[in-house]
A.B. asks: 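Submitted below is the structure of interest, expressed as structure tokens.
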2 protein chains.
Amino acid sequence: MPPNVSPGSKDEVERRKGGEISLGGLDDHIGYVLRRAQLAVFQDFIGSLAEFDIRPAQYSVLTVIEATPGLKQSQVSSALGIQRTNFVTLFDELERRGLARRMPVDNDRRSYALYLTETGAALMEKLRAAVHAHEARLDERLGRDGRGRLMDLLKRLADLGGLDGEGRFGTP
Amino acid sequence: MPPNVSPGSKDEVERRKGGEISLGGLDDHIGYVLRRAQLAVFQDFIGSLAEFDIRPAQYSVLTVIEATPGLKQSQVSSALGIQRTNFVTLFDELERRGLARRMPVDNDRRSYALYLTETGAALMEKLRAAVHAHEARLDERLGRDGRGRLMDLLKRLADLGGLDGEGRFGTP
DNA sequence: CAATATTTTTATCTACAATAACAGTTATGT
DNA sequence: ACATAACTGTTATTGTAGATAAAAATATTG
């Protein structure tokens, strides 16, 4: 056994100055590596869209209402795993910036139909190029077939506990 | 072209009541799928350790100082990609619960050497079983060779912009 | 000694998630 | 018709994470 592990001793501590500190097997945990990868990818994404001041959550909302104009708030937030209560301020900001708007619905005065504005649609055009470059950068890292194999594996994990209809997690 | 896309019309909206709302290609984005997978895995992890009231960040700190007792705060936080400043309250909580402790260092009165308490070491024993079950659950999802292939792909992504020595991102 | 580093701490700030409670509206059942 | 329930969006509040700025104490270096 090691002779000296009292506080302040050198063993196991001082000799690791090079930054090569053991993670104690943490990097064998899927969750840990997954988180580090997700942070790195998001950071690259945020950087790619920084000049437009659009962040991931905003981009996801714009993408969905561009693909399907006229959806209700509850439909969009549910599709994205966001709670409708948190969706409100998120969409408020998009509306404030003139990128999207709420429109009344004929038959149902409770709900709003969501649309991109022309400004929002024009912005999405520009975002597409930046996002494509971002995805290409990732593909370069992943190598041949990397994307397909990664997507398959991630999607298996994505529905574990799963979100409920309102973007919350486990409902016991 | 579709005849009717005015606000409140039925096309593209009402007929999607079954929940099958298009994400507009969002699920072809690595970052989006990565985030959903990470949330699901973390949720499973949190559930696995709920009875011990230990969350991922806490577990990661306990794991590192168990593997290498006597590290300084700055070493642990740097290894985990946490900023020193955020590490303080994180460790405060572990110390408050009697799971870990700060010990003075002989030569340097600025820094602390971090250790598990006996309580903390005993807890880690119990956590190990729960974490192992969690990882096994993930392996079941991932199938044969899934873990290895996923880890390889994720690690390629994990050092994109990369964290700097202090757990911050991009350093312009 | 003076100037500069390092290490930890405190205090804010933002983004994002979760919960509870509410108002207005619509749907249902009697 | 009416009471009741369910749905939709909103507000307010809380908690968690991450980032930044600045301080205080100590160490190192010229």
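Worth saying up front: this structure is predicted, and the values here are computed from it rather than measured. Protein chains get the first letters and strands the later ones, always in sequence-line order, with residue 1 at the start of each.
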A.B. asks: What is the distance from CG of B:Asn86 to C1' of C:dT7, rounded to the nearest Å?
C.D. replies: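 Rounded to the whole Å, the gap is 15 Å.
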A.B. asks: Quickly, which of B:Arg101, B:Gln73, B:Met103 forms a side chain to side chain contact (heavy atoms under 4.5 Å, CB included) with B:Leu114? Name it, please.
C.D. replies: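 Between B:Leu114 and the candidates, side chain to side chain contact (heavy atoms under 4.5 Å, CB included) is satisfied uniquely by B:Gln73.
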A.B. asks: Find the distance A:Arg84:CZ to C:dA21:P and express it as a whole number of Å.
C.D. replies: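 Distance, rounded to whole Å: 14 Å.
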A.B. asks: Which class fits the ring pair A:Phe45 and A:Tyr59: parallel under 30°, tilted 30 to 60°, perpendicular over 60°?
C.D. replies: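 Perpendicular, since the angle between the ring planes exceeds 60°.
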A.B. asks: Could you check which nucleotide pairs with D:dT26 in any of the strands shown, counting Watson-Crick or G-U wobble with both distances under 3.5 Å?
C.D. replies: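 D:dT26 is unpaired by these criteria.
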A.B. asks: For the pair made of OH in A:Tyr112 and C1' in C:dT25, what is the distance, rounded to whole Å?
C.D. replies: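 That distance rounds to 12 Å.
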A.B. asks: So which nucleotide does C:dA5 pair with, by the Watson-Crick or G-U wobble rule with both distances under 3.5 Å?
C.D. replies: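 By the stated definition (distances under 3.5 Å), nothing pairs with C:dA5.
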A.B. asks: Within this structure, what is the CG-to-P distance between A:Asp53 and C:dA15, rounded to whole angstrom?
C.D. replies: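 One finds 9 Å between P of C:dA15 and CG of A:Asp53, rounded.
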A.B. asks: Mind telling me if C:dA5 is syn or anti? Syn here is a glycosidic angle within 90° of 0.
C.D. replies: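 Because its glycosidic torsion lies within 90° of 0, C:dA5 adopts the syn conformation.
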A.B. asks: Counting only heavy atoms not in B:Lys155, do more than 12 fall under 6.0 Å of its NZ?
C.D. replies: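 Yes - once you tally the heavy atoms of other residues, nucleotides and ligands closer than 6.0 Å, there are more than 12.
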A.B. asks: Roughly how many Å is it from CD in A:Gln75 to P in D:dC7, rounded to a whole number?
C.D. replies: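 One finds 14 Å between P of D:dC7 and CD of A:Gln75, rounded.
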A.B. asks: Just the rounded figure in Å: distance from P of C:dT8 to CG of B:Asp92.
C.D. replies: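 One finds 12 Å between P of C:dT8 and CG of B:Asp92, rounded.
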A.B. asks: For B:Ser111 and A:Arg109, find the nucleotide of DNA chain C closest to each by heavy atoms; which residue's nucleotide sits nearer the 5' end?
C.D. replies: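 Result: B:Ser111.
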